[in-house]
Amino acid sequence: MGWSARVLADVADQGPVLINPIVYAEVAAAYASVEEVDEFLPPSEYLRDPLPFRAGFLAAKAFVRYRRVGGQKRSPLPDFYIGAHAAVSGYRLLTRDARRFRTYFPKLTLIAPAERP
């Protein structure tokens, strides 16, 4: 079992796991039907949380800042939206990309693997 799956299982033992439509869409890309996605992410275990408009504003500002300092388009706006959603809602975020989220959302609590120097 990989780091993400192991930590996700640990987090789920502590309480509800929330996903938003962007996370759902990223997972759905690997499945042929909504039913398959919902079987993999059962709503009873993965609570669906809509995206607040405040998160859209924060995501846009973080993305603009990222691009101004030379960030490449390979880091899409949806990643910033996921971070902004967690930040404005007071959620913790499970990620393997701690560096970027710490840079653009410094108050966001992250669940991330230990970073290497």
Side-chain angles (χ1 to χ4, degrees):
M1 178 182 293
W3 178 87
S4 296
R6 189 174 57 256
V7 173
L8 185 56
D10 291 344
V11 169
D13 287 342
Q14 299 170 21
V17 174
L18 301 174
I19 60 171
N20 64 34
I22 295 170
V23 172
Y24 186 92
E26 288 180 341
V27 171
Y31 293 91
S33 70
V34 169
E35 293 78 17
E36 288 179 37
V37 180
D38 287 342
E39 186 176 323
F40 182 73
L41 297 172
S44 60
E45 296 176 33
Y46 295 88
L47 305 179
R48 275 72 167 144
D49 196 31
L51 294 163
F53 282 90
R54 288 185 52 170
F57 181 82
L58 182 58
K61 295 303 178 184
F63 186 70
V64 166
R65 186 171 150 226
Y66 166 80
R67 295 287 290 147
R68 282 189 181 145
V69 297
Q72 303 298 309
K73 286 190 177 184
R74 69 174 180 264
S75 179
L77 180 58
D79 289 351
F80 287 95
Y81 212 148
I82 291 167
H85 182 196
V88 303
S89 299
Y91 300 148
R92 299 180 300 161
L93 179 68
L94 175 66
T95 181
R96 287 179 284 178
D97 190 2
R99 179 191 226 182
R100 180 175 357 153
F101 287 107
R102 281 195 185 104
T103 299
Y104 295 97
F105 306 101
K107 294 181 182 178
L108 181 59
T109 301
L110 300 177
I111 303 168
E115 294 180 62
R116 296 177 203 151

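One-based numbering along the sequence shown.
Nearest heavy atoms, Leu108 versus Ala86: CD1-CB, 3.5 Å. Contact detail for Pro43 and Leu47: the closest heavy-atom pair is O-CD2, 3.7 Å. Closest approach of Ala55 and Val88 over heavy atoms only: CB-CG2, 3.8 Å. Listed here is the closest heavy atom pair of Tyr104 and Val69: OH-CG2, 3.5 Å. The two residues Pro50 and Pro21 come nearest to each other via the heavy atoms CA-CD, 4.4 Å. Tyr31 approaches Val37 most closely through the heavy-atom pair CB-CG2, 3.6 Å.
Here Tyr81 contributes atom OH and Leu77 contributes atom CG; the two are 8.5 Å apart, rounded to the nearest 0.5 Å. In this structure, CD on Glu36 lies 12.0 Å from CG on Leu41, to the nearest 0.5 angstrom. Between His85 atom NE2 and Asp49 atom CG the span is 4.0 Å, to the nearest 0.5 Å. Going from atom CG of Leu18 over to atom CG of Leu93 covers 11.5 Å, rounded to the nearest 0.5 Å. Interatomic distance, Asp97 CG to Leu110 CG, rounded to the nearest 0.5 Å: 9.5 Å. Here the CG atom belonging to Leu51 is positioned 4.5 Å from the CG atom belonging to Asn20, to the nearest 0.5 angstrom.
More than 12 heavy atoms of other residues, nucleotides or ligands lie within 6.0 Å of CZ in Arg65, so this atom counts as buried by the packing criterion. Other residues, nucleotides and ligands contribute over 12 non-hydrogen atoms within 6.0 Å of the OH atom of Tyr91. With a 6.0 Å radius and a threshold of 12 heavy atoms from other residues, nucleotides or ligands, Arg54 has its CZ atom at or below the threshold. Other residues, nucleotides and ligands place more than 12 heavy atoms under 6.0 Å from the CD atom of Gln14.
Judged purely by atom type and a 3.5 angstrom limit, Arg48 uses its side chain to pair as donor or acceptor with the backbone of Tyr46. Side-chain N or O atoms of Arg67 include one that pairs as donor or acceptor with a backbone N or O of Gly71 at under 3.5 Å.
Under the 4.5 Å side-chain heavy-atom criterion for Ile, Leu, Val, Met, Phe, Trp and Tyr, Ile22 and Phe53 are members of distinct hydrophobic clusters. No chain of hydrophobic side-chain contacts below 4.5 Å, direct or via other Ile, Leu, Val, Met, Phe, Trp or Tyr residues, connects Val64 to Ile82. Residues Trp3 and Val23 share a hydrophobic cluster, clusters being chains of Ile/Leu/Val/Met/Phe/Trp/Tyr side chains in contact below 4.5 Å.
The aromatic rings of Phe80 and Phe63 stand perpendicular to each other, their planes meeting at an angle above 60°, with 30° marking the opposite boundary.
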Query raised in the report: For Tyr24 and Asp38, what are the C-alpha separation, side-chain angles and deciding distance, and is it a side chain to side chain donor-acceptor pair (under 3.5 Å)?
Result: CA-CA 9 Å; Tyr24 186 92; Asp38 287 342; 2.9 Å; yes
Query raised in the report: Do Glu26 and Asp79 pass the side-chain contact (heavy atoms from CB on, under 4.5 Å) test, and can you show the C-alpha distance, the side-chain angles, and the key distance before you say yes or no?
Result: CA-CA 10 Å; Glu26 288 180 341; Asp79 289 351; 3.7 Å; yes
Report task. Would you sort out whether Thr95 and Arg100 count as a side-chain contact (heavy atoms from CB on, under 4.5 Å), showing the intermediate values? Result -> CA-CA 10 Å; Thr95 181; Arg100 180 175 357 153; over 6 Å; no
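Leu58 has its side chain within reach of Phe105: a pair of non-hydrogen atoms, C-beta onward, lies under 4.5 Å apart. Counting only heavy atoms from C-beta outward, the side chains of Val7 and Arg96 never approach each other to under 4.5 Å.
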